[in-house]
Protein chains: 2
Amino acid sequence: MNVRTLCLGILYFGEATGYEIRKTASEGGFSHFIEANYGSIYPALTKLTQDELVTMREEVFSGKPSRKVYALTDQGREALKAALNEPLRADIFKSEFLFLSLYADLLGTERLTEIMKQRRADLRNELTRLHDAMGQCDHPGSNFAIGYGIALTEAAISYMATHAASASGLQVEPARAAE
Amino acid sequence: MNVRTLCLGILYFGEATGYEIRKTASEGGFSHFIEANYGSIYPALTKLTQDELVTMREEVFSGKPSRKVYALTDQGREALKAALNEPLRADIFKSEFLFLSLYADLLGTERLTEIMKQRRADLRNELTRLHDAMGQCDHPGSNFAIGYGIALTEAAISYMATHAASASGLQVEPARAAE
DNA sequence: GTTCACATGTAACAGGTTACATGATTGG
DNA sequence: CCAATCATGTAACCTGTTACATGTGAAC
């Protein structure tokens, strides 16, 4: 989906600033299947305001940086619905990690061990993040999406635990339990 | 990773045409974590030939379409190694399906049911594809990557089986066992 | 005092996607 | 005969990313 629809979608849950939209998309509970950064969000919000799919309200506090709070209009809600009814695109998954794993024999034990260790750490962090997000949210749709992320992350962790050592013919340091 | 490195990586396993590279990337055992299409592959191969990272040999058969077979040079192999030793980028996962699931209440039972059904079918196909790929390949690195895909796909199927009905407050038709 | 979080925005650039353009052979 | 597979390539377009530019307040 494009950034436009993403903004409409996040605004559907309540008004927000560009900064908050990015945070939800890139760090919140949805960040495992969404990506967006300022460079695309701010222009999109300007355009959406022009098209009257969202309204903008500027909050100016003396001293504090002013913030622009965006909210969905009825037209915006309709546009979101329309976007949701368009043909569903396939998931996109790109993994440099898996690409690297194809060339384990070219990498050398040291680098390979480092990569595998890093990946296990990343997966554990991701799992923690997802559990936190799940705890802060009781919306059924969101729980489904976050739960999906948790299920896959757990599967990845489990796979890493049992297969990381066999990525190549090279001997990789075994994972320690207390790592 | 960029298309350039992708081409070098696939050529590492043996010479190939642009057509075959795309097929490996988009339909083969690696397609679950790689994506590339003609529009990016052909220009990349031309550039790589100019840079002497690959060699090109044209095979012309009377009648048959001629094919350009590319092979890695020593320089190309070094370039691949160098690329593999650059800092590892995080995985990219974008899912319109999960995005849609956030708005289950906006979707209507019919569309939601259709989406969930489609996703289960897609996952089953993907699993079959991965098992086939695994059977045709005994390279350790590839087996690790394909196995990773299988593990995650199985987790997704399992999650769908137990949670698809609870994506929203709406009642979704339960999955049938023989579907 | 320095780093982090809040907050907005632009511009150049890179990268890849889609559509177009073409054509032979094989199998059903 | 029609569809699918093999086979190569260009060009316009779109989209998004990176880097730049700027500033406050709070916490440590």
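Nothing here was measured: the structure is a model prediction, and the numbers come from that model. Throughout, a chain's letter reflects where its sequence line sits, starting with A, and its residues are numbered from 1.
For the pair E59(A) CD and dC6(C) C1', the computed distance is 13 Å after rounding to whole Å. Atom CG in L45(B) sits about 13 Å away from atom P in dG16(C), given to the nearest Å. For I92(B) and dG16(C), the CD1 to C1' distance is 12 Å, given to the nearest whole Å. Atom CD in E58(A) sits about 13 Å away from atom P in dA7(C), given to the nearest Å. Computed from coordinates, the R67(A) CZ to dG25(D) C1' distance equals 14 Å when rounded to whole Å. The distance from atom CE of M1(A) to atom P of dT15(D) is 13 Å, rounded to the nearest whole Å. Atom NZ in K47(B) sits roughly 16 Å away from atom C1' in dG16(C) (whole-Å rounding).
When distances run from any side-chain atom of N37(B) to the nucleotides dA7(C), dT18(C), dT18(D), the shortest one goes to dT18(C). Of the listed nucleotides (dT17(D), dT10(C), dT8(C)), dT10(C) has the atom at the smallest distance from the side chain of P43(A).
Checked against the 6.0 Å centroid threshold, Y19(B) and Y42(B) do not count as a close aromatic pair.
Taking 4.5 Å as the limit, every side-chain heavy atom of S31(B) sits out of range of all side-chain heavy atoms of E27(B). Under the 4.5 Å side-chain criterion, counting only non-hydrogen atoms from C-beta, E35(B) is not in contact with F93(A). Inter-residue side-chain proximity for S142(B) and M134(B) is flagged as unmet; no heavy-atom pair is nearer than 4.5 Å. For the pair F99(A)/K94(A), no side-chain contact is recorded, criterion being any heavy-atom separation below 4.5 Å from C-beta on.
Taking side-chain N and O atoms only, K23(A) has a distance below 4.0 Å to OP1 or OP2 of dC6(C). For the pair Y38(A) and dG9(C), the criterion of a side-chain N or O lying under 4.0 Å from OP1 or OP2 is not met.
In this structure, CG in D132(A) is found 10.5 Å from CD1 in I146(A), a value given to the nearest 0.5 Å.
N2(B) and T5(B) are linked by a side-chain donor-acceptor pair at a separation below 3.5 angstrom, with hydrogens and angles left out of the test.
Along DNA chain D, the nucleotide closest to G39(A) and the one closest to Y42(B) are compared, and the more 5′ of them pairs with Y42(B). Between T46(B) and R89(B), the residue anchored closer to the 5' end of DNA chain D is T46(B), taking for each the nucleotide with the nearest heavy atom.
Taking every heavy atom of residues 2-22 of chain A and every atom of DNA chain C, pairs under 4.0 Å involve T17(A), G18(A), Y19(A), by number.
A salt bridge links E15(B) to R57(B): one of the charged nitrogens lies within less than 4.0 Å of a carboxylate oxygen.
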Review item, side-chain donor-acceptor pairs of residues 79-92 of chain A, under 3.5 Å, at least two apart:
from: N85(A); atom 1: OD1; to: R111(B); atom 2: NE; distance (Å): 3.3
from: N85(A); atom 1: ND2; to: K81(A); atom 2: O; distance (Å): 3.0
from: D91(A); atom 1: OD1; to: S95(B); atom 2: OG; distance (Å): 2.9
from: D91(A); atom 1: OD1; to: R119(B); atom 2: NH2; distance (Å): 2.9
from: D91(A); atom 1: OD2; to: R119(B); atom 2: NH1; distance (Å): 3.2
from: D91(A); atom 1: OD2; to: R119(B); atom 2: NH2; distance (Å): 2.9

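When the local axes at the two ends of the helix from dG1(C)-dC28(D) to dG28(C)-dC1(D) are compared, using 5 base pairs at each end, they differ in direction by 50° after rounding to 10°.
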